[in-house]
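Here's the structure, in structure tokens; my notes come after.
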Protein chains: 2
Amino acid sequence: MTLQALIIEDDLAVQSFLQTLLQSQNFHLQSTGSGQTGLQILSSQTFDLVLLDLGLADLDGQQVLQQLRQWTAVPVIVISARGKEQDKIQALDAGANDYITKPFSAGELLARIRAALRQHQGTVQTLQFGNVLIDPVQRQISKGGVPLHLTKTEYDILMLLLRHAGNVLTHNQILRQVWGEMYQGRPEYVRVHVATLRQKIEDNPATPQFIKTEAGVGYRFNSQ
Amino acid sequence: MTLQALIIEDDLAVQSFLQTLLQSQNFHLQSTGSGQTGLQILSSQTFDLVLLDLGLADLDGQQVLQQLRQWTAVPVIVISARGKEQDKIQALDAGANDYITKPFSAGELLARIRAALRQHQGTVQTLQFGNVLIDPVQRQISKGGVPLHLTKTEYDILMLLLRHAGNVLTHNQILRQVWGEMYQGRPEYVRVHVATLRQKIEDNPATPQFIKTEAGVGYRFNSQ
DNA sequence: CAAAAATCTTAATACAATCTTGATAACCCC
DNA sequence: GGGGTTATCAAGATTGTATTAAGATTTTTG
């Protein structure tokens, strides 16, 4: 499983440095120099990590942070040329997970990224729910001790929902991550496969306990 | 609710500085200058936060970190005089949540503590009014601890009003943001959905405390 | 390489949630 | 009290969802 990262940074030199660095760690990347665009991307896709420069041209990084925290808990590491105490406090209180000042070393940034991912996954990711057990290494799932077979699509949907357990994922977010960009606007794909998935993992597929429907929005994995 | 913090720091001047700082934030404190003792305390009590100096006399802070991470996920912020990259990477990879180098400012430390606590609790920015709690990240609402279900339209209206809490939003402003441009001049849409929303979130829907009507203008969310 | 199996796509249907609409009653300010 | 505004309700319309199955496609197997 490759992790998705978004880089919001308008200094192209730094952007390309970050890209090289993260690519070497097998991140799947997207980059933008604009805060507005960054927010748009974040609202339509899910990410495992965001690197955010505070000094953007169009929109203050601080505002980007405040906005995105209204709907996502994705780990955000703020990168900034400003080392002033007030900037750090503001960013951290606006929901940044960490704050690192330019110039920084590649090793330290990577270590802080690992720490942020670890903390985030520790709180969210569960590989067990009800009597269903998931072994992500073996890609193996069992229910009540009985192994079950999920197709690739079903497995991808389940892991995506699980990775964002508790949150609603829109049809388009699911489509983008599981099928790809060009499937936007085809919610019926998601419905059919969520139905088959429920048949396999729910005790009573007609009244699902785990994969909940949010009418008009999408699906949510119920972490309770 | 007072939070429990443990300070492991052998420089008494720094220790007393940290104590004063955390006490001012209503932390309940315990301190030790020894790594061994620190581990013992941690094994017999639960804490919400650990501040750990790397440069201890008896046991390397690094070792303390490795040991305690074998059984607890308590947020640990490492405080160190060593600013070397290798030290930071080691500590973060050994399970530190954050790493801050002396000298540091009180404000920054407190902000990093808040960030660490927030991440650990999986806590997101929750909005609250009366006994209604909103988790905008999970798109989840509860009233008096009981989860309640809002339709997409109701949720959108509520978030819009909340975003502009205290200000009046005209019918047309609400229509534009929730329904779209072509619904201008249909205040009855807003009325019906505000009514159902009040039924769900107000203690007494007939005399609303939160969503106030501004006759002839629109609605206002009462932030008091 | 061809046959078989598995999986996905698509469309159709039944069903459920939500919204729209209009009617009626209540409110409120002059 | 009257005109304008608002609240409430519920039936009907609309939109969104679950489920099924047939055919298309891909993958696996012999």
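Here is the naming used below: chain letters follow the sequence lines, and residue numbers restart at 1 for every chain.
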Between the side chains of B:Gln209 and B:Asp203, is a donor N or O closer than 3.5 angstrom to an acceptor N or O?
-> no
What pairs of residues pass the salt bridge (Lys or Arg N to Asp or Glu O under 4.0 Å) test when at least one of them lies in residues 9-20 of chain A, not counting sequence neighbours?
-> A:Glu9-A:Lys102
Short side-chain to backbone donor-acceptor contact, B:Glu108 and A:Lys88, under 3.5 Å | no
Can you pull the salt bridge (Lys or Arg N to Asp or Glu O under 4.0 Å) pairs that have at least one residue in residues 185-198 of chain A, sequence neighbours excluded?
-> A:Arg186-A:Glu188
Supply the atom-to-atom distance B:Leu161 CG to B:Lys212 NZ, rounded to the nearest 0.5 angstrom.
-> 13.5 Å
Note: contacts of residues 150-158 of chain B with DNA chain C (heavy atom, under 4.0 Å) are B:Thr151, B:Thr153
Closest heavy-atom pair, A:Leu21 versus A:Ser24, reported as atoms and distance to 0.1 Å, is O-OG, 2.5 Å
Can you tell me how far P of D:dA18 sits from CG of A:Asn204, to the nearest Å?
-> 14 Å
Listed partners of B:Thr196 passing side-chain hydrogen bond (donor to acceptor under 3.5 Å, both in side chains), at least two apart = B:Glu154
What pairs meet the ring pair (Phe, Tyr, Trp, His ring centres under 6.0 Å) rule with one or both residues in residues 18-59 of chain A, with sequence neighbours excluded?
-> none
Can you tell me if NZ on A:Lys84 sees more than 12 non-hydrogen neighbours from other groups inside 6.0 Å?
-> no
Salt bridge (charged side-chain N to carboxylate O under 4.0 Å, His left out) partners of B:Lys152, counting only residues at least two apart | B:Asp156
Between which nucleotides of DNA chain C, 5' to 3', does chain B make heavy-atom contacts below 4.0 Å?
-> C:dT18 to C:dT21
Determine yes or no for a side-chain-to-main-chain donor-acceptor pair under 3.5 angstrom, with B:Asp98 supplying the side chain and B:Arg112 the backbone.
-> no
Pairs where residues 194-224 of chain B contributes a residue and the test ring pair (Phe, Tyr, Trp, His ring centres under 6.0 Å) is met, not counting sequence neighbours | B:Phe129-B:Phe210, B:Phe129-B:Phe221, B:His171-B:Tyr219
Contacts satisfying side chain to side chain donor-acceptor pair (under 3.5 Å) that involve residues 158-168 of chain B (not counting sequence neighbours) are none
May I ask you to list the residues of residues 173-185 of chain B, by number, that have any heavy atom positioned under 4.0 Å from an atom of DNA chain C?
-> B:Trp179, B:Tyr183
Atom NE2 of B:His193 and atom CH2 of B:Trp179: how far apart are they, to the nearest 0.5 Å?
-> 5.5 Å
What bend angle does the helix from C:dC1-D:dG30 to C:dC30-D:dG1 show across its length, from five-pair end axes and to the nearest 10 degrees?
-> 40°
Rounded to the nearest Å, what distance is computed from the OH atom of residue A:Tyr189 to the C1' atom of nucleotide D:dT19?
-> 18 Å
Restricting both atoms to N or O, compile the protein contacts to nucleotides 3-11 of chain D shorter than 3.5 Å, with distance only.
unit_1	atom_1	unit_2	atom_2	d
D:dT5	O3'	B:Gly216	N	3.1
D:dT6	OP1	B:Gly216	N	2.5
D:dT6	OP2	B:Arg191	NH2	2.1
D:dA7	OP1	B:Arg198	NH1	2.7
D:dA7	OP1	B:Thr213	OG1	2.5
D:dA7	OP2	B:Tyr219	OH	2.7

Any side-chain heavy-atom pair from B:Leu51 and B:Leu22 closer than 4.5 angstrom?
-> yes
